[in-house]
**Q** 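Got a structure for you, questions after.
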2 protein chains.
Amino acid sequence: MLTIGQLAAYAGVTARAVRHYHQIGLLPEPERDASGYRRYGATAAVSLIKIRTLADAGTPLSEIGQMLEADASTFAEAVQRIDGRLRDEIERLETSRKQIAQLTAGDNLALPPEVISYLDRLREIGVSERIVDGERDGWILVAARWPDHIREVMAGKHAQLDDPQMVRLYRVLSEISEDDPPDGLLEEAADIMAGLAEQAYTSGGINVGGMAYDDLAFDLLDALVLETDPRAQRLVDLMRERGWTGWNRLERLAEPPGQPLS
Amino acid sequence: MLTIGQLAAYAGVTARAVRHYHQIGLLPEPERDASGYRRYGATAAVSLIKIRTLADAGTPLSEIGQMLEADASTFAEAVQRIDGRLRDEIERLETSRKQIAQLTAGDNLALPPEVISYLDRLREIGVSERIVDGERDGWILVAARWPDHIREVMAGKHAQLDDPQMVRLYRVLSEISEDDPPDGLLEEAADIMAGLAEQAYTSGGINVGGMAYDDLAFDLLDALVLETDPRAQRLVDLMRERGWTGWNRLERLAEPPGQPLS
DNA sequence: TGGAGGGTTGACGCTACGTCAAGGTCAAGC
DNA sequence: GCTTGACCTTGACGTAGCGTCAACCCTCCA
């Protein structure tokens, strides 16, 4: 007669596992000896080995009991089910591995390559790291909201960088984001933005289907800028003076500036 | 400002998940509005998306916090660790799939093919299903104890089946295992066994290195027989009268039968 | 003004055990 | 007979990542 430890050792499991199988009714509780110890016979050893065989093959404990009593066809059916689950799980993990491989290449954090190259180009232009970080976070929001439009949008943004005015704007914004920016820069930035907005307005700007102007994401983008640097509010105000409202999605004010709206 | 449900929807998770991230300190608790609702800004949305990106790639939540603050090399290191764990997990599941594929082929329950063919041969010979089941359980114990010797052992057992006496023994045992066996069969079985034992004894029998005669497994095998059918005890007694002790591991008695041992 | 559809905290559930805690038991050596 | 170490007992909490009640409060819309 075996003690629980001997039985467990024979089957290559821990005593705790055996007790667990008792608890869930998978292995019947054996007789106790005079001192209360569990005492096992050979059939228990056989049962335990069968249980471990199925468990090692990926069978959930909750199904092992039925499988041990099942006929051949029911058994085969169960095996199919379990194999299918294993396959799904493997597939999931393979997907995870692919995704994590994408993350290895720097701090891109799930951003598509188009965005990464745009950020790199900003750095080349001399845009401050602080601004680039802000851009990155913004694009994270955009990529989450419109994963299928991101390439189109980025193509447009890349083109915009060919305009020297846009480059100038980014550089001015970089200076503004410094701890102690020179005076007058805010106004200069607002002037450039207003010019670019005018240009975009007449040429039609970047219009991508599926990106509705009243989308929550635009509000989030605007909010993100203000959360990142509250001084941005000043720029918004200056733009309003110049006849534009909003930030990531500039719109021409209906009323001329200086006039009360109501 | 977003409610928890809106934030969750934006990132493609459930509100419960967001609360969970608060609980474990992965995402900071936001301000509450007048009615106690959590109110989130854009940075929270960015953080949440970053968290999900890493989590979807298989990063444990407990490590995501540090990863988001890590520099590039620390980050890459962590990615390596996680990828390694994913690889291990996939390997484990692949192994499970292979094992479960083995189980598909009938009721073999992880027995090596040599044992399966032996059991099949027993059935061909006309051995009762009850005896075959008992044999199967016995071989499960043997295979668990000596997985590396099972082929050797089975070769010997296959050879034994070429002896008509052994075939006769199995058939007699089959009859005995019936609910109402004829008289005298036990004696016949004992006679055959004694003869076979004598034969094995003079020829040296099956000796496989690594299988010590005092092994616990032999006790288990003997116990298994008695647990499966207590009437086997009668056969053990008859064998003792014929000068043999044990069952799966017969040994010649030192004293002649009928003499007191002390 | 009522009801639907949000939100709040608190708690248990899931898997397959690992790991204490606080004892009682057994076998061996002195 | 005593100690010591290894083993047994039950009970309970911990793990990962949330899902799912329960019981209640808040908001918005017809």
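In what follows, chains carry the letters A, B, and so on, assigned in the order in which the sequence lines appear, proteins first and then strands, with residues in each chain numbered from 1.
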**Q** Which nucleotide, D:dT9, C:dG7, D:dC18, lies nearest any side-chain atom of B:His20?
**A** D:dC18
**Q** How close or far is atom C1' of D:dG17 from atom CG of B:Leu54, stated in whole angstroms?
**A**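 Answer to the nearest Å: 16 Å.
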**Q** Want to settle it: does A:Gln23 or A:Ala34 sit nearer the 5' end of DNA chain C, counting the closest nucleotide to each?
**A** A:Gln23
**Q** Under 4.0 Å: is that the gap between some side-chain N or O of A:Arg38 and OP1 or OP2 of D:dT10?
**A**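 True: A:Arg38 side-chain N/O within range (under 4.0 Å) of D:dT10 OP1/OP2.
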**Q** Nearest to the side chain of B:Tyr37, heavy atoms from C-beta on, is which of C:dG6, C:dC17, D:dG19?
**A**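 Per side-chain heavy atoms of B:Tyr37, the pick is C:dG6.
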**Q** Nearest of C:dT9, D:dT9, C:dG6 to any side-chain atom of B:Thr3?
**A**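 So the side chain of B:Thr3 is nearest to C:dG6.
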**Q** Before accepting this row, confirm whether a basic side-chain N of the pair B:Arg234/B:Asp229 lies closer than 4.0 Å to the acidic partner's carboxylate O.
**A**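 Not counted as a salt bridge, because no side-chain N and carboxylate O are separated by less than 4.0 Å.
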**Q** Look at A:Arg240 together with A:Asp237 and state whether they make a salt bridge at an N to O cut-off of under 4.0 Å.
**A** no
**Q** Between D:dG19, C:dG18, C:dC17, which nucleotide gets closest to the side-chain atoms of B:Thr14?
**A** D:dG19
**Q** With sugar-phosphate meaning primed atoms plus P, OP1 and OP2, does A:Arg52 contact a base, only sugar-phosphate, or nothing at under 4.0 Å between heavy atoms?
**A** sugar-phosphate
**Q** Could you tell me how far apart B:Ile4 (CD1) and D:dC26 (P) are, to the nearest whole angstrom?
**A** 17 Å
**Q** Around atom CD of B:Glu91, are there more than 12 heavy atoms of other residues, nucleotides or ligands at under 6.0 Å?
**A**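 Result for CD/B:Glu91: open.
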**Q** Indicate whether OP1 or OP2 belonging to D:dT27 is found under 4.0 Å from a side-chain N or O atom of B:Ser35.
**A** yes
**Q** I need the minimum non-hydrogen distance between A:Arg52 and A:Ala11, along with the two atoms involved.
**A** CG-O, 4.4 Å
**Q** With a 4.0 Å cut-off on heavy atoms, is A:Arg32 in touch with a base, just the backbone sugar-phosphate, or nothing at all?
**A** sugar-phosphate
**Q** A:Ala15 or B:Ala55: which one's nearest nucleotide on DNA chain D is closer to the 5' end?
**A**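 It is A:Ala15 whose nearest nucleotide is closer to the 5' end.
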**Q** In whole angstroms, how far is the C1' atom of D:dC7 from the OH atom of A:Tyr40?
**A**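 The answer, rounded to whole Å, is 13 Å.
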**Q** Among D:dG19, C:dA16, D:dA12, which nucleotide sits nearest the side chain of A:Arg16?
**A** D:dA12
**Q** From CZ of A:Arg19 over to C1' of D:dA12, roughly how many Å is that when rounded to an integer?
**A**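 So the two atoms are 14 Å apart, to the nearest Å.
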**Q** How long is the line joining CZ of B:Arg92 and P of C:dT15, in whole Å?
**A** 16 Å
**Q** In whole Å, I'd like the distance from the CG atom of A:Asp33 to the P atom of C:dC26.
**A** 7 Å
**Q** Which listed nucleotide (C:dC17, D:dG17, C:dT9) is nearest to the side chain of A:Ala17?
**A** C:dC17
**Q** Find the distance B:Leu26:CG to D:dA16:P and express it as a whole number of Å.
**A**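 Atom-to-atom, B:Leu26 to D:dA16, this comes out as 13 Å.
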**Q** Charged N to carboxylate O below 4.0 Å: is that the case for B:Arg92 and B:Glu89?
**A** yes
**Q** Do the side chains of B:Arg136 and B:Asp133 get close enough for a salt bridge, i.e. N-O under 4.0 angstrom?
**A**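 A salt bridge is present here (some side-chain N lies under 4.0 Å from a carboxylate O).
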**Q** Measure from CD on A:Glu89 to C1' on D:dG17 and round the result to the nearest Å.
**A** 13 Å
**Q** Is there a side-chain contact between A:Tyr21 and the phosphate of C:dC17, meaning an N or O under 4.0 Å from OP1 or OP2?
**A**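 Checking C:dC17 against A:Tyr21, a side-chain N or O does come within under 4.0 Å of OP1 or OP2.
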